[in-house]
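The structure appears right after this line, and notes come after that.
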Amino acid sequence: MNIKKITVLLLLNFTLYSYAQIERPKLIVGIVVDQMRMEYLYRFGPYFSKNGFNRLIDKGYLYTNMHYNYVPTHTAPGHASVYTGTTPVNHGILGNSWYIRNSKTKIYCTEDSTVTPQGNPEKPEEGLMSPKNLQSTTITDELRLATNFRGKVFGISMKDRGAILPAGHFANRAYWLSNNGNFISSSFYGKDFPQWVNSFNNEKKYMKYINEGWKLLKDQTFYQESLTDENPYEILSINKDNKAIFPYNLKSAYEKDGAKVLKSTPFTNNMIVDFAKELIQKENLGQDNDTDFLTLSFSATDVISHQTSPRSMETEDTYLRLDLLIADILSYLDTKVGKENYLLFLTADHSGAENPLYLHDKGYEVFSLKRKEIEQKLKDFSLKTYGNDFISTYYNQNVYFDEEAIKKNSINKEDVFETFADYIETFPGVKRTYTEKQILNASATDEHGSMIFRGYDKTQNGQIYVLLDPAYMEYMIQGTSHGSSYTYDTHVPAIFYGWKIPHGINHNKKYITEIAPTISQKISITFPNSTSAQILSEILEK
């Protein structure tokens with residue numbers, strides 16, 4: 001045998017040996033809790049069970065100083081960034097919705113008119129969704145490629161964007177919740193909708209939550225970390241008078257609005273867990289040698305905090321209930337997949353601010369701003385200054401100009417942008433403005449400017465970005481929102497648990513975009529194609 005043949009055989013044997021040494025868990029579960037603040041683990045932690053969040057912390061690895069590194073800190077870009085390992089400037093999901101300059105139209109993050117709805121949604125448009133607007137691959141995509149599409153990927157959420165974007169381009173399916181209580185999907189994932197899902201939907205399991213109503217999980221005196229049940233900082237649409245007061249009679253609300261009422265309760269989280277357990281069984285996840293991936297996004301936490309604020313009993317009760325669901329998921333995975341056979345991570349798509357009126361009443365001079373009022377001021381200023389309305393819209397703190405109209409009036413557009421930028425900086429609650437030129441030439445030492453750049457696309461963002469002062473927001477008086485570059489919107493938990501995950505805690509500042517490449521390294525697959533590949537090395541030690 002000549003030396004060339006020996007070399008080829010040695011290389012072949014090495015390749016086969018190397019492949020045989022690749023170890024992976026049978027199942028990866030990625031959990032995103034919508035609008036979860038890191039401080040909830042501190043504030044609610046003593047009241048959580050030992051088998052939910054506290055089990056993840058006590059036996060897993062907790063990052064206490066995890067942050068988003070861009071704006072806007074919204075749901076769609078948050079989910080996309082966790083799973084692509086990059087920011088909106090690369091993955092293209094610039095918000096839940098955004099405005100396109102040239103066409104002067106708004107686009108929803110997962111809209112796709114070329115597909116057909118599946119699962120019998122209440123309205124067809126609920127199912128006209130796909131990941132086509134996502135420009136980067138996800139960790140779930142790379143797993144599909146690495147296993148030659150034998151490893152299965154599924155995404156589940158109340159929100160379409162919370163299911164579709166984590167599951168990626170190559171998912172077997174993503175499922176989200178229609179207003180009629182059905183889990184639905186689209187033809188993007190194939191023409192044949194699974195019969196087991198139709199059967200699940202036909203059982204209308206959600207009716208048990210309607211019939212039971214929403215009462216506090218524990219005695220009202222237990223909720224020491226919340227404001228009083230009735231306060232001026234909250235509303236809740238499931239009551240006819242919008243008052244957020246326990247208990248909530250969901251039967252009467254159901255008679256008026258149908259199953260949609262569940263989307264303002266904690267029980268969509270229960271529905272997701274019910275559906276996830278059924279999916280794991282029906283699709284045989286974690287049952288062979290090819291790693292599967294299940295993404296779960298819990299949205300009830302976001303909807304309820306938006307309406308009632310982070311300090312409400314409703315928010316605290318929702319997290320106490322979610323803690324029990326986390327325990328339920330872990331117990332099910334222990335039995336179905338095996339304690340040592342699954343890897344789980346939990347994080348959030350963004351955090352959330354305090355209610356400005358609550359802060360104001362405590363002596364902090366802040367308040368909520370109204371987007372429509374700001375837009376009207378800009379239009380009035382344009383007419384007064386130039387005799388023309390050059391404003392296309394004001395959206396997501398972006399000012400969009402009609403550059404064609406500016407050009408027709410033979411005015412230098414950069415002068416117009418600078419004039420408006422100076423004017424906007426006179427508004428109460430505005431810290432400063434960034435013009436397109438300033439954003440595209442952002443200095444790394446300008447923390448806010450560099451975060452704006454990472455979420456910016458000059459064809460789909462405005463020519464001016466408006467940075468508000470801390471604690472200000474464009475929102476209604478009650479509840480809360482998110483979207484800023486301040487830590488109250490960027491700071492989220494990140495916990496890794498299970499297969500070959502060491503136990504520990506880390507207080508150093510880390511970024512959400514490090515999660516996906518870390519999982520890639522952990523299971524020996526290719527990085528998502530736009531990630532910067534910065535990793536959380538502590539997770540790789542075991």
message = Does Glu316 form a salt bridge (charged side-chain N to carboxylate O under 4.0 Å, His left out) with Lys218? I'd like the steps, not just the answer.
response = CA-CA 11 Å; Glu316 183 175 358; Lys218 299 180 181 292; over 6 Å; no

key: Stepwise salt bridge (charged side-chain N to carboxylate O under 4.0 Å, His left out) check, Asp290 with Lys26   = CA-CA 7 Å; Asp290 292 303; Lys26 288 183 176 296; over 6 Å; no

ask   = Can you check side-chain contact (heavy atoms from CB on, under 4.5 Å) on His491 and Tyr68, steps first, answer last?
value = CA-CA 7 Å; His491 189 195; Tyr68 280 85; over 6 Å; no

task = Evaluate salt bridge (charged side-chain N to carboxylate O under 4.0 Å, His left out) for Asp292 paired with Arg150, printing each intermediate quantity in order.
result = CA-CA 8 Å; Asp292 301 320; Arg150 294 185 300 271; over 6 Å; no

message = Run Trp98 and Tyr456 through ring-ring contact (aromatic ring centres under 6.0 Å, His included) and show every step you take.
response = CA-CA 11 Å; Trp98 59 93; Tyr456 190 81; over 10 Å; no

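Ion pair Asp349/Lys159 not flagged as a salt bridge, since none of the NZ, NE, NH1 or NH2 atoms sits closer than 4.0 Å to an Asp/Glu carboxylate oxygen. A salt bridge does not link Asp274 to Lys205: none of the charged nitrogens lies less than 4.0 Å from a carboxylate oxygen. For Glu514 and Lys510, the salt-bridge test fails: no basic side-chain N is under 4.0 Å from an acidic carboxylate O. Look at Glu354 and Arg311 and you find a salt bridge, because one of the NZ, NE, NH1 or NH2 atoms lies within 4.0 Å of a carboxylate O, short of that distance.
Between the side chain of Asn202 and the main chain of Asn198, a donor-acceptor pair closer than 3.5 Å is present. Between the side chain of Gln521 and the main chain of Ala533, no donor-acceptor pair closer than 3.5 Å is present. Counting only distance, with no hydrogens or angles, the side chain of Asn54 and the backbone of Ser49 share a donor-acceptor pair below 3.5 Å.
Of all non-hydrogen atoms in His79 and Pro166, the two that sit nearest each other are CD2-CG, 3.7 Å.
Among the candidates Thr73, Thr490, Thr75, the single residue satisfying the side-chain hydrogen bond (donor to acceptor under 3.5 Å, both in side chains) test with His350 is Thr75.
More than 12 heavy atoms of other residues, nucleotides or ligands shown are found within 6.0 angstrom of NZ on Lys336.
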